[in-house]
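The sequence lines fix the lettering, A, B, ..., with proteins before strands; numbering per chain opens at 1.
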2 protein chains.
Amino acid sequence: MSDQPPKNSRLRDAVRTQAEILDVATREFAERGYAGARVDEIAALTRTTKRMIYYYFGGKEQLYIKVLERAYTGIREAEQAVDVTGLDPAGAIRHLAELTFDHHTEHADFIRLVSIENIHRAEHLAKSETLAKAGTPVIDLISGILARGREQGVFRDDADAVDVHMMISSFAVFPVANQHTFGTLFGRDPLDPGRRAHYRRMVGDMVVAYLRTGS
Amino acid sequence: MSDQPPKNSRLRDAVRTQAEILDVATREFAERGYAGARVDEIAALTRTTKRMIYYYFGGKEQLYIKVLERAYTGIREAEQAVDVTGLDPAGAIRHLAELTFDHHTEHADFIRLVSIENIHRAEHLAKSETLAKAGTPVIDLISGILARGREQGVFRDDADAVDVHMMISSFAVFPVANQHTFGTLFGRDPLDPGRRAHYRRMVGDMVVAYLRTGS
DNA sequence: CGGCTAATGTACGAACTGGTTCGTTAGTAG
DNA sequence: CTACTAACGAACCAGTTCGTACATTAGCCG
């Protein structure tokens with residue numbers, strides 16, 4: 001008698017189909033960009049047909065926006081899971097930097113989508129109701145750490161939370177976003193697993209060093 | 001009797017036409033990405049016709065590669081013009097960081113092209129004979145500065161030139177590459193002229209602080 | 001079981017897009 | 001002046017691509 005909630009118990013799938021479309025679309029868009037992505041190709045890599053993409057999402061652009069939303073949801077959740085209680089300011093900011101670095105290097109698709117979205121001047125991001133507002137939790141976290149650091153006299157007092165976040169993000173994003181051009185030009189793959197621990201320590205060293213220098 | 005060199009004195013333009021095509025193409029590709037760029041649109045924004053694009057460049061891809069090559073030539077020249085004689089190691093690396101930051105923020109088109117090229121896994125960059133090899137002069141410059149810093153005991157001794165270049169580039173590229181998503185999500189335009197001097201000082205502070213911390 | 005709707009598949013079309021064909025004109029060499 | 005070639009233009013073509021019209025099936029409700 002396991003009663004299904006009112007609607008949505010129709011078992012010719014629906015939810016699963018939508019999820020599958022989103023998965024495939026994420027890969028396709030991240031791989032080829034918005035203009036380069038092919039709706040037919042996404043459909044082909046799905047169990048279902050192109051018809052369903054239009055049935056559930058309405059069109060290429062709306063599908064892309066949903067993909068973006070789901071991707072951003074990922075980091076936002078990761079950010080909310082960060083816990084720095086019990087760490088001193090320097091340890092806390094280093095921890096956050098390392099987690100950010102880890103998350104970015106492990107989610108190349110997301111970084112690629114962000115790059116793509118920037119090429120399009122974030123016009124789709126702006127169209128998304130879920131994303132355009134949605135304040136980001138990291139900033140509050142960083143603000144808190146910076147405040148503690150200042151109180152204890154171990155951090156410079158002119159450091160701004162958003163700026164520090166940008167500094168950390170820069171170094172965490174770069175190896176992923178520019179992996180191929182950088183790799184080709186300097187003969188060094190910035191995502192080489194063997195170098196990863198090194199870069200991870202480097203982000204931490206960098207932010208902490210910056211925050212410790214006098215204002 | 002001003003004799004023109006053997007050929008190429010034909011004055012129904014040619015060189016000028018090619019340059020114009022390249023200029024327009026640079027904007028179009030940077031604006032819409034490789035797949036999003038339209039050959040017809042490039043032609044329309046030119047004094048000439050699409051026929052000429054194929055006449056001079058062979059096709060969309062070859063044109064794009066030429067655009068890339070010209071864009072990269074820009075920074076390479078800027079890099080070669082950097083002069084740090086007479087500066088102490090910290091001053092030298094700060095100067096380089098600031099110039100890199102200036103150059104990147106002033107050449108958004110180039111940064112966008114690099115982003116686009118990374119989406120395509122640098123496949124076109126690899127196809128370019130001019131670019132694929134062409135060692136980059138900055139690395140040597142940085143190596144020299146780091147060596148001096150180590151000798152004088154003012155820099156950590158485990159800093160690598162390519163890594164330091166990546167650190168500087170990260171922070172210089174980010175505001176341009178992620179201007180729109182970052183701006184939308186954090187309500188702060190990272191390229192706002194009013195914040196520029198601040199970020200410029202920040203890159204310098206960051207690298208110098210990093211290099212000064214003990215290994 | 002009959003009917004109703006959500007879910008799905010097939011085939012198609014209109015517009016676009018990279019690339020080409022064919023022909024023309026400007027300038028120069030002889 | 002004539003012949004020749006580099007430079008150029010207009011129209012066109014074939015393949016693609018987003019989107020849709022139409023038909024169909026699965027499952028549920030009464």
Side-chain angles (χ1 to χ4, degrees), chain A residues 1-25 27-29 31-67 116 120 123-124 127, chain B residues 1-25 27-29 31-67 116 120 123-124 127:
Chain A
M1 255 126 62
S2 63
D3 60 348
Q4 315 295 47
K7 298 207 165 185
N8 202 359
S9 65
R10 208 144 273 78
L11 267 244
R12 206 157 140 218
D13 245 328
V15 217
R16 174 167 244 162
T17 302
Q18 293 178 52
E20 195 185 347
I21 292 174
L22 276 178
D23 286 339
V24 175
R27 256 175 282 140
E28 176 79 1
F29 281 122
E31 200 70 20
R32 327 219 176 175
Y34 178 73
R38 298 291 166 240
V39 178
D40 283 300
E41 178 68 10
I42 295 173
L45 294 174
T46 301
R47 260 185 316 175
T48 185
T49 65
K50 185 166 56 159
R51 175 73 182 72
M52 288 297 98
I53 293 176
Y54 287 86
Y55 184 64
Y56 284 123
F57 299 94
K60 186 182 185 180
E61 186 176 11
Q62 287 115 303
L63 173 61
Y64 172 73
I65 292 177
K66 281 273 180 279
V67 163
I116 291 162
H120 297 281
E123 51 169 303
H124 308 100
K127 279 181 190 162
Chain B
M1 254 115 72
S2 62
D3 60 346
Q4 314 297 47
K7 298 206 165 185
N8 202 359
S9 65
R10 209 141 272 77
L11 265 248
R12 207 157 140 216
D13 246 329
V15 217
R16 174 168 244 162
T17 303
Q18 293 179 51
E20 194 185 349
I21 293 175
L22 277 177
D23 286 339
V24 175
R27 255 176 283 140
E28 175 79 1
F29 281 122
E31 200 71 19
R32 328 219 175 174
Y34 179 74
R38 298 292 167 240
V39 178
D40 282 301
E41 179 68 12
I42 295 173
L45 293 174
T46 301
R47 259 185 317 174
T48 185
T49 66
K50 184 165 58 156
R51 174 72 181 73
M52 287 298 98
I53 294 176
Y54 287 86
Y55 183 65
Y56 285 122
F57 299 94
K60 187 182 185 180
E61 186 176 11
Q62 287 116 302
L63 173 60
Y64 172 73
I65 292 177
K66 280 275 180 278
V67 164
I116 291 163
H120 296 283
E123 50 168 305
H124 309 99
K127 278 180 191 163

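To the nearest angstrom, C1' of C:dT8 lies 12 Å from CZ of A:R47. Counting to the nearest Å, the P atom of C:dG18 and the CD atom of B:E41 are 11 Å from each other. Separating the OH atom of A:Y64 from the C1' atom of D:dC18 is a distance of 18 Å, rounded to the nearest angstrom. Atom C1' of nucleotide D:dG9 and atom CD1 of B:I53 are separated by 13 Å, given to the nearest angstrom. D:dT20 atom P lies 14 Å from atom CG of A:D40, rounded to whole Å. Rounded to a whole Å, the CE atom of B:M52 is 12 Å from the C1' atom of C:dT25. We find that CZ of A:R16 is positioned 16 Å from C1' of C:dA7, with the value rounded to whole Å. Summarising the geometry, the separation between CD on A:Q18 and C1' on C:dT8 is reported as 13 Å, rounded to the nearest angstrom.
Aromatic ring orientation, A:H120 versus A:Y34: perpendicular (interplanar angle above 60°, classes split at 30° and 60°).
Residue B:T48 places no side-chain N or O under 4.0 Å from the OP1 or OP2 atom of D:dA7. Remark: B:T49 is not in phosphate contact with D:dA10, judged by side-chain N or O atoms under 4.0 Å from OP1 or OP2. Contact annotation: B:R51 does not reach the phosphate of D:dA7 (side-chain N/O to OP1 or OP2, under 4.0 Å). Between B:T17 and D:dC8 there is a side-chain N or O to OP1 or OP2 distance below 4.0 Å. Contact annotation: A:Y55 does not reach the phosphate of D:dT20 (side-chain N/O to OP1 or OP2, under 4.0 Å).
In this structure, A:Q62 and A:Y56 have side chains that are not in contact, with every pair of non-hydrogen atoms separated by 4.5 Å or more. With contacts defined as side-chain heavy-atom distances shorter than 4.5 Å, the pair B:T48/B:E20 does not qualify. Looking at heavy atoms from C-beta onward, B:M52 lies in side-chain contact with B:I21 at the 4.5 angstrom threshold.
Set against C:dG19, D:dT17, C:dA7, the side chain of A:Y56 has C:dA7 as its closest nucleotide.
Residue A:A35 is classed as having no contact, given no heavy-atom separation below 4.0 Å to the nucleic acid.
Atom NZ of B:K66 has 12 or fewer heavy atoms from other residues, nucleotides or ligands within 6.0 Å.
Heavy-atom nearest nucleotides on DNA chain D were determined for B:K50 and for A:G59, and the one closer to the 5' end corresponds to B:K50.
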